[in-house]
Amino acid sequence: MGACLALCSLASCASCLCGSAPCLLCGCCPSSNNSTITRLVFSFFLLMGTFVSVIMILPGMETQLRKIPGFCKGGTSIPGIENQVDCNVIVGYKSVYRMCFAMTCFFFLFCVIMIRVRSSKDPRAAIQNGFWFFKFLILVGITVGAFFIPDGTFHDVWFYFGLVGSFIFIIIQLILLIDFAHSWNKAWVENAENGNKCWFAGLLSFTVLHYALAIAAVVLFYIYYTMPDNCTEHKVFISLNLIFCVIVSIVSVLPKIQATQPYSGLLQASIISLYTMYVTWSAMTNNPNRKCNPSLLSLVSNVNTTQPSGGSPTGQVQWWDAQGIVGLIIFLFCTLYASIRSSSNTQVNKLMQTEEGGGSGGEGVVGEDGIRRAVDNEEESVTYNYSFFHFHLCLASLYIMMTLTNWYKPETNTQVMQSTMPAVWVKMSSSWLGLGLYLWTLIAPLIFPDRDFS
């Protein structure tokens, strides 16, 4: 009897995995929309690849693999069996580069396939919203193939792809944070206007908290990441971003801005300011000058990690670096938010290629096979741009690669990683461009009063 039930369960799962309707999550959320479930599953693929990359770069992983008899070249052997696996490739930064290369190719493939899909009636929409088992096999196949790429110049070339992709992804992260702050501010202001003034107190508390953290960060930056006779770049970075954050905060509450955008306020500006300070910190931790870039461990334990003046600024990858962990947390939040967002912010919707709202959800439909299906809310038109969503995940894969390797440039012949100034400038320029985009969303309705920016 138990075997029969198990076979029935497997048959149901096979229908979900190989069919064109995304029923994988319908048991947990039977009223979910087709579009939301699809984005969540694709995001799960990305997070799964990220988790594998984290395991591969764990300290001591290669040592543990070499203990497996008959597995790694140069490791423990079994008489009569030749060790075939090069464990230098399947662990460390090389494995992260290859894993993220595979994910980038996977999402870029779907980005190309899904160009100009207008509704779920398009045959390609069935590929987007189903056949998950075959998609998983494709991802696994690309990943296996990626590990057979010869070293050569692959890591150097892919490093620069990672720089460009991460630059764009940081901008997208900032756009999503702006959208989140806008939706948060609008919801709480509406609740307060309905009679409960406690919502205003909540808005004020979070705004003060964000600004307090941003100001504390600036003070700490000046103390630990600058020197009286050195670190000129850091002084310029911190001062410029402090000035820019003050400017956008003032502009966000100007009467003319409030007249055209009543839900604009200091909450959004405080979140953008705090994120800008995080990007500034992240950029400074990539400065190859160790005198201007003390590790967090040295700051906490007062251990001097400064290298000798003639030494090489290289070292082993330290994936658990604090800025990397914060970056992963922000990445996780933005990825999940991008999967479930349903925004009324027209400007952000245009930038993110999504439609206002998200279609009306209803009760899940039970098919003839007895399986509960998600609601198809895209029969008339898609609620998000399929191609752009995959492009976003493609960029996210590159960002994960750079974050897990601390934006270090790999040496082609060793497993040593080196901080580089290009990574610093990529992060700083993305923060400036992001602040410029936020400022533009504030002043655009004033510059073009005839256009609808509501």
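These values consider heavy atoms only, across backbone and side chains, with no hydrogens, waters or symmetry-generated copies.
- Across all non-hydrogen atoms, the minimal contact from Ala181 to Leu267 is O-CD2, 4.2 Å.
- Side-chain rings of Phe159 and Phe161 stay apart, their centers remaining 6.0 Å or farther from each other.
- Using modelled atom types, no side-chain atom of Arg118 and backbone atom of Val382 make a donor-acceptor pair closer than 3.5 Å.
- Note on residues 227-275: pairs passing disulfide bond (SG atoms under 2.5 Å apart), not counting sequence neighbours, are Cys231-Cys292.
- Note that the CE atom of Met277 and the CD1 atom of Ile272 stand 12.0 Å from one another [nearest 0.5 Å].
- Of the possible polar contacts, none joining the Gln261 side chain to the Gln258 backbone as a donor-acceptor pair under 3.5 Å is found.
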- Report the C-alpha separation of Ser387 and Val117 in whole Å, then their side-chain angles, then the decisive distance to 0.1 Å, and conclude whether the side-chain contact (heavy atoms from CB on, under 4.5 Å) test is met. CA-CA 8 Å; Ser387 184; Val117 174; over 6 Å; no
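- Checked by atom type, the side-chain pair Asn241/Thr280 shows a donor-acceptor distance below 3.5 Å.
- A donor-acceptor contact under 3.5 angstrom links the side chains of Gln173 and Tyr275, judged on distance only.
- The heavy-atom pair separating Met401 from Gly162 by the smallest distance is CE-CA, 3.7 Å.
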- Message: Test side-chain contact (heavy atoms from CB on, under 4.5 Å) on Tyr399 and Ile170; report intermediate values, then the result.
- Response: CA-CA 8 Å; Tyr399 176 79; Ile170 290 175; 4.0 Å; yes
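- Contact detail for His390 and Phe107: the closest heavy-atom pair is CB-O, 3.4 Å.
- A ring-ring contact (aromatic ring centres under 6.0 Å, His included) with Phe237 holds for exactly one of Phe244, Phe221, Trp425; it is Trp425.
- Classification of the Trp188-Phe206 ring pair by plane angle, with boundaries at 30° and 60°, yields perpendicular.
- Side chain of Arg124 to backbone of Ile113: a donor-acceptor contact under 3.5 angstrom is found.
- Taking the six-membered ring for Trp and thresholds of 30 and 60 degrees, His392 and Phe389 have ring planes inclined between 30 and 60 degrees apart.
- The ring of Phe136 has its center no closer than 6.0 angstrom to the ring center of Trp132.
- For the pair Thr104 and Cys394, the tightest heavy-atom approach, listed with the atom from each and the gap, is CG2-SG, 3.2 Å.
- Between the side chain of Lys427 and the backbone N or O of Trp281, no donor-acceptor pair lies under 3.5 Å.
- Taken from CG in Leu204 to CG in Leu209, the straight-line distance is 11.0 Å, to the nearest 0.5 Å.
- Here NE2 of His210 is found 13.0 Å from CD1 of Ile215. Values are rounded to the nearest 0.5 Å.
- Between Trp158 and Phe101, the angle of the ring planes goes over 60°, which puts this pair in the perpendicular group of the 30/60° scheme.
- Aromatic ring centres of Tyr222 and His234: separated by at least 6.0 Å.
- Rounding to the nearest 0.5 Å places OG1 of Thr276 at 6.5 Å from CG of Leu174.
- Contact check for Thr405 versus Tyr97: side-chain heavy atoms found under the 4.5 Å cut-off.
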- Message: Run Thr285 and Tyr225 through side-chain contact (heavy atoms from CB on, under 4.5 Å) and show every step you take.
- Response: CA-CA 9 Å; Thr285 59; Tyr225 288 89; 4.0 Å; yes
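- Of all the heavy atoms in Ser53 and Leu404, the pair that sits closest is CB-CD1, 3.5 Å.
- The shortest distance between side-chain heavy atoms of Phe45 and Leu393 does not fall below 4.5 Å.
- The CG atom of Leu137 sits 13.5 Å away from atom CZ of Phe131, with the distance rounded to the nearest 0.5 Å.
- Atom-to-atom distance recorded for Leu433:CG and Ile171:CD1 is 4.0 Å, nearest 0.5 angstrom.
- Distance alone, capped at 3.5 Å, places no donor-acceptor pair between the Ser239 side chain and the Val236 backbone.
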- Task: Could you check Thr38 against Tyr386 for side chain to side chain donor-acceptor pair (under 3.5 Å), going step by step and ending with a plain yes or no?
- Result: CA-CA 10 Å; Thr38 296; Tyr386 288 179; over 6 Å; no
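- When every heavy atom of Asn287 is checked against every heavy atom of Val424, the shortest pair comes out as N-CG2, 3.7 Å.
- When atom types are taken as modelled, the side chain of Ser264 and the backbone of Ser252 share a donor-acceptor pair closer than 3.5 angstrom.
- No more than 12 heavy-atom neighbours from other residues, nucleotides or ligands sit within 6.0 angstrom of CZ on Phe108.
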- Could you please spell out the steps behind the side-chain contact (heavy atoms from CB on, under 4.5 Å) verdict for Met114 and Ile127? CA-CA 9 Å; Met114 297 301 162; Ile127 300 175; 4.0 Å; yes
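- Judged by distance alone, the side chain of Lys135 and the main-chain N or O of Gly130 form a donor-acceptor pair under 3.5 Å.
- Between the side chain of Thr260 and the main chain of Pro445, no donor-acceptor pair closer than 3.5 Å is present.
- Met103 is listed as a side-chain neighbour of Leu46, based on a closest heavy-atom distance under 4.5 Å.
- Not one N or O on the side chain of Gln128 forms a donor-acceptor pair closer than 3.5 Å with the backbone of Phe110.
- Of the possible donor and acceptor atoms, none in the side chain of Ser166 sits under 3.5 Å from a partner among the backbone N and O of Leu163.
- For the pair Ser430 and Val279, the minimum side-chain heavy-atom distance is below 4.5 Å.
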